[in-house]
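Notes follow the structure.
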Amino acid sequence: MQLDKTYQPENFESEIYKQWEEQGCFKPSMDKSQQAFSIALPPPNVTGSLHMGHAFQQTIMDSLIRFHRMDGDNTLWQCGTDHAGIATQMVVERKLAAEEKLTRHDLGREKFIERIWQWRKQSGGTITKQMRRLGASVDWSRERFTMDEGLSRAVLEVFVRLYDEDLIYRGKRLVNWDPKLRTAISDLEVENKEVKGFMWYIRYPLADGLKTQEGKDYLMVATTRPETLLGDTAVAVNPEDPRFKDLVGKELILPLVGRRIKIVADIHADMTTGTGCVKITPAHDFNDYAVGKRHSLAMVNVLTEDACIRDEAQVFNTQGELSTETTSYIPEAYRGLDRFVAREKIVEDLKTQGLLDHIEDHTLSQPFGDRGGVPIEPMLTDQWYVRASILGKEALRAVEEGEIKFVPQQYTNMYYSWMRDLQDWCISRQLWWGHRIPAWYDENGKVYVARNENEVREKYHLGSEVKLVQDEDVLDTWFSSALWTFSTLGWPDKTPELEMFHPTSVLVTGFDIIFFWVARMIMMTMHFIKDENGKSQVPFKTVYVTGLIRDEEGQKMSKSKGNVLDPLDMIDGIDIDSLVSKRTANMMQPQIAQKIAKRTQKQFPQGIKAHGTDALRFTLCALASNGRDINWDMKRLEGYRNFCNKIWNASRFVLMNIEGFELVKPQDENLNIADKFILSKLSQAISAMRDAINAYRFDQVATILYEFIWNEYCDWYVEFTKSILKDPSLSQDKKNATAYTLVNVLETVMRMAHPVMPFITETIWQQTAPLLGRNNEAKTIMLASYPKACDYLVDDFAQESIAWVKELTTAVRNLRAEMKVSPNTKLEVLLRGANEQQKQFTDENLKLILALTNLTSIKYVGDEKLPPCASKPVLTAEILIEMSSLVNKEDELKRLNEMKKKLEGNISSTQARLSNEAFISKAPANIIEGAKAQLALNQSQLDKVLAQINELNKL
RNA sequence: GGACGCUUAGCUCAGUUUGGUUAGAGCAUCUGCCUUACAAGCAGAGGGUCGAUGGUUCGAGUCCAUUAGCGUCCACCA
């Protein structure tokens, strides 16, 4: 006995992983004769830690990787981490503020970046530790970081080439500005949220004594952001609007500021909406920006980087050049005020001046920065853009033509809808942490792009007298992530890995980053990576999109809700106090922390028990049905931990009971029917497994394993072997054959299950494989071959035979339970009306049946008169147990009448179908035959039940 | 406003692509068992008419139409 008495995964999981890693088991074979299979791990944030979503995706990736590695592919799982610009910078800034009361500006750029590298060194190990605990078989020797030297080189190369091809440009445009982080962000990083606010109706006085048709001396506009009034340069009305037609081209006096602004006709103004008049602020609103362009309006920027009112506005012409075409004056009262303070003050002043008509409650969807969490402000700034509209064409085509497949398919639509209306991608960020943009400016502000300053001078023939300053901005994190599949394989060098493993086989990721990452990866990869024929290579052939893991109530897991579950706590367990303090750490508001603590204590009064990695991974697979979100269920985890326990104990049984038998590959004629049965089931399970894996149906993978191991192997086969191995009438050869099969199937199932449950399978395999000599070519199950269905013969006859055994066994147990006859009471059972085949099946498996049902014998009977019996139909036959003193007549009658009712119901519905002429004439023959057989079976069973009732009534 | 997904047992979910006998699983519940692999277990049982309506069909959880509720993404919101 080599397995511990109880299943304690913590005793072996970490140790096994260490051995695998030391033995280099995670490295690709680099054997060109093998098929290549590769996955690039979506790089997690370097300073973060893994959450359930990571555990979920990594489980799926690892299962695929392990399957392909065992199945003989040259397999690479490329791993690494992402520098995650904004997120990381924020973490370190917060730490700096908390521990040293310093801002990054106090330190300066260089020192601050140094601090981030330090922080990375210190915290970067968290993720890799977690991945190891999860059993991820990534090739650690190839681990990369988006800011490391090689990847930075790829970033430079891509930027410079795209610039030279005019696919990257710089321009002054209206961007989404995050005033908290003081950086531009892309459209995707903006989250619209419903917010309760107000709509202010403001009167703009007409200049020069003009009046509207209604005789008013003002136009009324509505706004949700009154402070932008300071930057208004026009009011727009619809060109068709009869109310204001004659005012077009005339002027208004901008309230509070006093400058004259034009009334323009533009279709942006909708006659039926609001007042029909729209204030136009080209520098602070995307629609107004477009209107401004159309009417050559000046753009007046009134906000500072942190969204305070400027002392003096910046005025630009439509080319984005500084201009004096209108005044830059801002009333003193508002200068330096925060935008929201200014808003209140402006509203107040408008009211005082009688220009505020009225206020309405208004629910608006307000744009927020997804990182900073404050409302973003559209701002006119100089930024760098990628012409995604051009790069996107090829990326769209690749999916349309099936070069890349989304699983599940419905995500294709999501991809299309975005790709078909692609806006240019703003890639510059006013941060310090990231890849600095390789652009230099001379004293006149002329821009030069190259890989470094020397190259700039060479490329643009600039002498050393020209002073150059590098652009301060860094690139959007997703810019480097977009290169991930090829930059990690050594591009721009032509490496053997790039040739072998690109395109990668599959990308496993969440739907939330399809736009952020997947689409951009496709664009960049297809532009830069070509095959030997010059055709664009896709980054991956398949995108497997996973759902989100939510909590029990379907809520998104988030720190602020305090419902986050750490995958490692599922594995190793955590006591309640630690869990509470983990969930409430760094909480700003103590009331919320208290609430979370209370809820956590209620939900996990005992903390969380250790379940082991295999149980967690198995659960994640079982819940992974087709791309839909998963509501995490602790009960499922417990259930599958029990499953691991079951496997463990079954293995203990096997190892205990094969002693004294010779384990050599048996002759077919020595195999018991039970052996042939389980081998058939095994073969079928293997092919079902392969199908499920190839279809990314990990829920089915879990079901197949669970059912085969528990419901076939443990519940039936292992029970059969108990009587076979002890049977003195069987030859030693036959018993050896069964002992061999017992181990053979177990060892095979371990290989079959290994991709999902790596640790328990390795542990058991190490005990079973040597018994069969299967550890010769591979010392670890990781490198053993994945089972093939054709190695195990499917024997239909044996399956039918055992199916009968199961029917009969179940019927006897059933009858016993219904009649409340203890399973311990030895009985004789009568079998009436069995056909020849049923008798044969019974005879050849008699000992198994008797053992499983605790019967003394089974006696065949015909039509002869019998003493009073309790009975139960088994297919077309019937089992009977003599009642004698065992059974109460009333109970038996009640039971029979229930059965009668059920059978009659079935019969009448089947009869109805069969007597329907349309059914007979139109339904396919096999269906009709099936119905007829069903009817006959039910009929014969009913006859038996009726006869029994008669018998009993005579007593 | 556009698109997509979900609604099946007390709970969490399969099954719907390709319509076919009496709709499955785990957990929970109930009954009986500590039978030396396993009480994290064994043997049994009860429980749903598949969101609603209408249609197609011999036959609908499955196909079509309409509709309700929930959710997600995109766009817009002076």
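Below, chains carry the letters A, B, ... as their sequence lines are ordered, and counting in each starts from 1.
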| said: Heavy atoms only, 4.0 Å cut-off, all strands: where does A:Asp270 land among base, sugar-phosphate and nothing? | reply: base
| For A:Gln606, does the CD atom sit with more than 12 other heavy atoms under 6.0 Å from it, leaving out its own atoms? | no
| Can you tell which of A:Leu396, A:Leu188, A:Ile514 makes a side chain to side chain contact (heavy atoms under 4.5 Å, CB included) with A:Trp418? | A:Leu188
| field | Gap in Å between the two P atoms, one belonging to B:rG61 and one to B:rG24, rounded | value | 13 Å
| A:Asp551/A:Lys561 ion pair, N-O < 4.0 Å | no
| said: Considering every strand and a 4.0 Å limit on heavy-atom distances, what is the contact class for A:Val235: base, sugar-phosphate, or nothing? | reply: nothing
| field | Spacing of the P atoms in B:rG15 and B:rA25 (rounded, Å) | value | 15 Å
| task | Please work out if A:Cys714 contacts a base, only the sugar-phosphate, or nothing of the nucleic acid, heavy-atom cut-off 4.0 Å. | result | base
| said: Return the pairing partner of B:rG1 with a 3.5 Å limit on both distances, Watson-Crick or G-U wobble; otherwise return none. | reply: B:rC74
| said: Work out how far the C1' atom of B:rG10 is from that of B:rU56, and round it to whole angstrom. | reply: 36 Å
| request: For A:Arg636, answer base if it contacts any base atom (sugar-phosphate contacts may also be present), sugar-phosphate if it contacts only those atoms, and nothing otherwise; contact means non-hydrogen atoms under 4.0 Å. | output: base
| request: For A:Lys722, report the nucleic acid contact type (base, sugar-phosphate, nothing); a contact means any heavy atom under 4.0 Å. | output: base
| task | Between B:rU21 and B:rU67, how far apart are the P atoms? Round to whole Å, please. | result | 32 Å
| So does A:Lys646 get a side-chain nitrogen or oxygen closer than 4.0 Å to the phosphate oxygens (OP1/OP2) of B:rC42? | yes
| said: Tell me if the CD atom of A:Gln409 is crowded by more than 12 foreign heavy atoms within 6.0 Å. | reply: no
| said: Check this for me: does the side-chain of A:Asn938 come within 3.5 Å of the base of B:rU22 through a donor and an acceptor? | reply: yes
| request: Determine the Euclidean distance between corresponding C1' atoms of B:rU53 and B:rA9; express it in Å to zero decimal places. | output: 24 Å
| With a non-hydrogen cut-off below 4.0 angstrom, is A:Arg697 in contact with a base, only sugar-phosphate, or nothing? | sugar-phosphate
| request: Hunt down the Watson-Crick or G-U wobble partner of B:rA43, both distances under 3.5 Å, from any strand shown, or write none. | output: B:rU31
| message | Counting the atoms with a prime plus P, OP1 and OP2 as sugar-phosphate, which does A:Tyr411 contact under 4.0 Å by heavy atoms, base, sugar-phosphate, or nothing? | response | nothing
| said: Using the P atom as the point on both nucleotides, what is the distance between B:rU18 and B:rA3, in whole Å? | reply: 23 Å
| message | So A:Trp710, base contact, sugar-phosphate only, or nothing? Heavy-atom distance under 4.0 Å. | response | sugar-phosphate
| field | Any strand: nucleotide that pairs with B:rU36 via Watson-Crick or wobble, under 3.5 Å | value | none
